[in-house]
Amino acid sequence: MTLKIGNNLNNFQAFKGNAPVGLSSLNAAYIRNMGMSAPQNATVQQAPVQYTPAVQTAQAPQMQYAPQAAPISQPSSAISKPMPAYMPGVGAVPSGYFMPGDNNHGSEDKIIKKTPWTGARIMADKVAKDIFVYAPKGMQGSKNSNFYEYLSLGIVPYIVGSAMLVATSLAAGKFFNPNDAKASGMMGKNVAMGVILYAAMKWAANKVMNKGTQLITGVDMDMPYKKVINELPENGREKVVTEFHKVFESVDFPRWDLINKQGEENGNRYEYYDKIAKDKLGCEEPLNAPDQVVQPLIKQALTKAMAARSIASFLWAAVGVAVAAQKPFAEEFLNFSKGSGILNTLKHLPKNFADVLVKSTKQLWKGSSAKSGIVGKGLIIAAGAATVLGLLNVKRGYKIDKKQSETKIDYKKDYVEN
């Protein structure tokens with residue numbers, strides 16, 4: 001038959017009459033759970049063979065009258081004592097054991113300290129890896145090649161193509177007569193300076209936009225961090241490599257986690273947002289949720305700044321090419337160095353370059369004719385205007401409403417429920 005708790009509890013009422021009552025095991029467990037005590041003359045009996053599974057499931061874990069069972073030895077955790085595994089070319093290693101690469105890079109992504117040489121070191125690292133690491137990996141079809149490496153390789157054709165362009169202009173001079181050879185050499189010098197000033201002016205425009213954005217918004221678009229990557233095993237060995245990225249290189253996915261982690265290390269998770277709110281947004285009191293308030297503003301500023309930076313940087317790069325195409329660079333630059341030796345050339349190179357740059361810029365502004373003067377002035381003005389207007393646009397809308405919203409109810413209006 002099926003046991004019912006209600007009927008068994010009725011039997012418990014017989015304790016008042018001091019009559020010996022047989023309690024089932026389930027009733028005894030229930031009584032203990034309810035904080036009751038059974039009479040001394042009550043005996044605990046085993047439950048009948050047939051009883052409902054629901055009662056057994058609910059009450060069985062509370063049967064404290066059962067004798068203690070011998071402790072069951074649990075197997076050792078795989079974390080404390082991992083099972084051995086076999087890796088080709090390496091041998092038996094514990095399961096889940098990380099085999100470090102040749103260099104100790106650390107195990108987590110981290111914002112690195114920014115110094116005047118940080119950018120140069122990162123660029124040198126990228127160029128070296130492009131030539132000696134990323135390109136060979138890609139041509140070998142490595143499974144560890146990624147999209148970052150593919151984009152980084154874009155600098156290689158720029159360097160190779162520029163070198164070939166300059167070499168072509170200079171190498172062809174020996175096939176010309178003296179006058180044509182001189183003209184070819186001057187043209188080659190203009191091309192070489194055009195390549196250099198293109199890259200220099202584009203880099204300078206990017207820095208101006210990034211620095212201006214930081215002064216306006218407090219957002220450092222050049223904030224670098226080191227990304228640690230555990231590559232898939234190749235040739236029987238895992239390898240740890242590093243990449244250098246920027247925290248705000250993606251508008252959609254900035255590395256908020258690294259900013260929060262840096263704040264936690266300084267004792268305030270929202271340190272970065274609190275500083276922006278105080279210094280750039282004019283908040284005298286700390287915000288209740290600074291990350292939720294400041295993060296959308298940062299994304300808005302990044303979108304505007306990146307668009308303005310792209311336009312301004314290419315306009316300034318065009319200015320650099322136009323300046324390098326002027327006669328002073330072809331006729332005067334490095335001409336002083338003939339027969340003066342390498343040391344003397346290096347000593348006077350900065351001053352010579354500055355003088356020629358000023359003369360070439362003035363010539364671009366004036367132009368050799370009325371039309372060329374209009375084109376030169378228009379190019380320089382457009383580049384400057386793109387920079388200034390871009391920064392003003394970044395500033396526009398970069399603010400928060402400091403006034404608390406007030407809810408107003410017009411009690412004169414009737415309330416109608418449909």
Side-chain angles (χ1 to χ4, degrees), residues 111-127 148 151-152 154-155 158 194-225 243-256 258-259 272-273 275-277 279-282 294-324 357 361 364-365 376-400:
I111 297 176
I112 60 179
K113 185 178 180 180
K114 186 178 176 182
T115 65
W117 295 103
T118 301
R121 291 174 55 192
I122 292 175
M123 179 56 65
D125 177 84
K126 181 178 293 187
V127 172
Y148 167 82
L151 294 178
S152 180
I155 195 173
Y158 174 80
V195 170
I196 295 174
L197 288 184
Y198 174 92
M201 296 295 282
K202 191 172 185 294
W203 173 84
N206 286 335
K207 290 299 179 182
V208 169
M209 289 298 302
N210 292 352
K211 192 63 178 179
T213 301
Q214 183 179 2
L215 293 175
I216 294 173
T217 65
V219 181
D220 185 4
M221 299 174 66
D222 287 326
M223 184 187 300
Y225 76 93
E243 297 174 354
F244 291 99
H245 295 258
K246 295 179 181 179
V247 173
F248 296 111
E249 66 185 1
S250 171
V251 176
D252 296 323
F253 305 102
R255 291 302 302 268
W256 305 122
L258 298 181
I259 293 177
Y272 188 82
Y273 313 112
K275 183 175 178 59
I276 290 179
D279 298 343
K280 305 301 179 181
L281 299 176
V294 177
Q295 283 183 4
L297 293 177
I298 291 178
K299 282 190 170 186
Q300 171 185 302
L302 288 174
T303 304
K304 296 178 178 180
M306 287 182 178
R309 184 179 63 184
S310 297
I311 297 173
S313 62
F314 282 104
L315 285 175
W316 281 113
V319 172
V321 174
V323 169
L357 180 62
T361 304
L364 175 64
W365 180 266
K377 290 182 180 69
L379 184 59
I380 296 175
I381 292 174
T387 303
V388 175
L389 294 177
L391 292 176
L392 291 177
N393 188 45
V394 171
K395 178 62 177 177
R396 184 176 61 88
Y398 192 75
K399 59 183 179 179
I400 60 175

Has Arg255 got its NZ or CZ under 6.0 Å from the middle of the six-membered ring of Tyr225, at an angle within 45 degrees of the ring axis?
yes
Taking the six-membered ring of Phe244 as reference, does the NZ or CZ atom of Lys126 fall below 6.0 Å from its centre and within a 45° cone about the axis?
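That pair does not qualify as a cation-pi contact.
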To the nearest 0.5 Å, what is the distance between [atom1] ([X]) and [atom2] ([Y])?
X: Arg309; Y: Leu302; atom1: CZ; atom2: CG; value: 9.0 Å
X: Met201; Y: Tyr198; atom1: CE; atom2: OH; value: 12.5 Å
X: Lys246; Y: Ile111; atom1: NZ; atom2: CD1; value: 14.0 Å
X: Leu364; Y: Ile380; atom1: CG; atom2: CD1; value: 4.5 Å
X: Ile122; Y: Trp117; atom1: CD1; atom2: CH2; value: 14.0 Å
X: Ile112; Y: Leu258; atom1: CD1; atom2: CG; value: 11.5 Å

Is [Y] close to [X] at the side-chain level, that is, under 4.5 Å between some pair of heavy atoms?
X: Lys304; Y: Val394; answer: yes
X: Ile276; Y: Thr217; answer: no
X: Val321; Y: Leu197; answer: no

Listed by chain and number, what are the side chain to side chain donor-acceptor pair (under 3.5 Å) partners of [X], not counting sequence neighbours?
X: Lys114; result: Asp220
X: Gln214; result: none
X: Thr361; result: none

The criterion is salt bridge (charged side-chain N to carboxylate O under 4.0 Å, His left out); which residues satisfy it with Lys377, sequence neighbours excluded?
none
Show the nearest heavy-atom pair for residues [X] and [Y], with the distance to one decimal.
X: Ala322; Y: Leu379; answer: CB-CD2, 4.0 Å
X: Pro224; Y: Thr118; answer: CG-CG2, 4.0 Å
X: Val251; Y: Met306; answer: CG2-SD, 3.4 Å
X: Leu391; Y: Ile216; answer: O-CD1, 3.5 Å
X: Gly390; Y: Met209; answer: C-CE, 4.4 Å
X: Ala199; Y: Tyr158; answer: CB-OH, 3.5 Å

Show the numbers, then the answer: is there a side chain to side chain contact (heavy atoms under 4.5 Å, CB included) between Trp365 and Ile381?
CA-CA 10 Å; Trp365 180 266; Ile381 292 174; 4.1 Å; yes
Assess whether side chain to side chain contact (heavy atoms under 4.5 Å, CB included) is satisfied between Trp256 and Ile298, documenting all intermediate values.
CA-CA 11 Å; Trp256 305 122; Ile298 291 178; 3.9 Å; yes
How about Trp203 and Ser313: does a side-chain donor come under 3.5 Å of a side-chain acceptor?
no
Any donor-acceptor N or O pair under 3.5 Å, side chains Gln300, Tyr398
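Checked: Gln300/Tyr398 side chains show no N/O donor-acceptor pair below 3.5 Å.
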If the condition is side-chain contact (heavy atoms from CB on, under 4.5 Å), which residues does Val388 pass it with, not counting sequence neighbours?
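side-chain contact (heavy atoms from CB on, under 4.5 Å) check on Val388 returns Leu392.
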Given Phe248, which of Asp222, Val219, Thr213 fulfils the side-chain contact (heavy atoms from CB on, under 4.5 Å) condition?
Val219
Please assess Thr387 against Trp316 for the test side chain to side chain contact (heavy atoms under 4.5 Å, CB included), listing each intermediate value before the final yes or no.
CA-CA 9 Å; Thr387 303; Trp316 281 113; 3.0 Å; yes
Return the set of residues passing ring pair (Phe, Tyr, Trp, His ring centres under 6.0 Å) with Tyr148 (not counting sequence neighbours), or none when no residue passes.
His245
When you measure from the side chain of Asn393 to the backbone N and O of Leu389, does any donor-acceptor pair fall under 3.5 Å?
no
Looking only at atom types and distance, does a side-chain atom of Lys280 sit under 3.5 Å from a main-chain N or O of Leu215, one as donor and one as acceptor?
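Such a contact is found between Lys280 side chain and Leu215 backbone.
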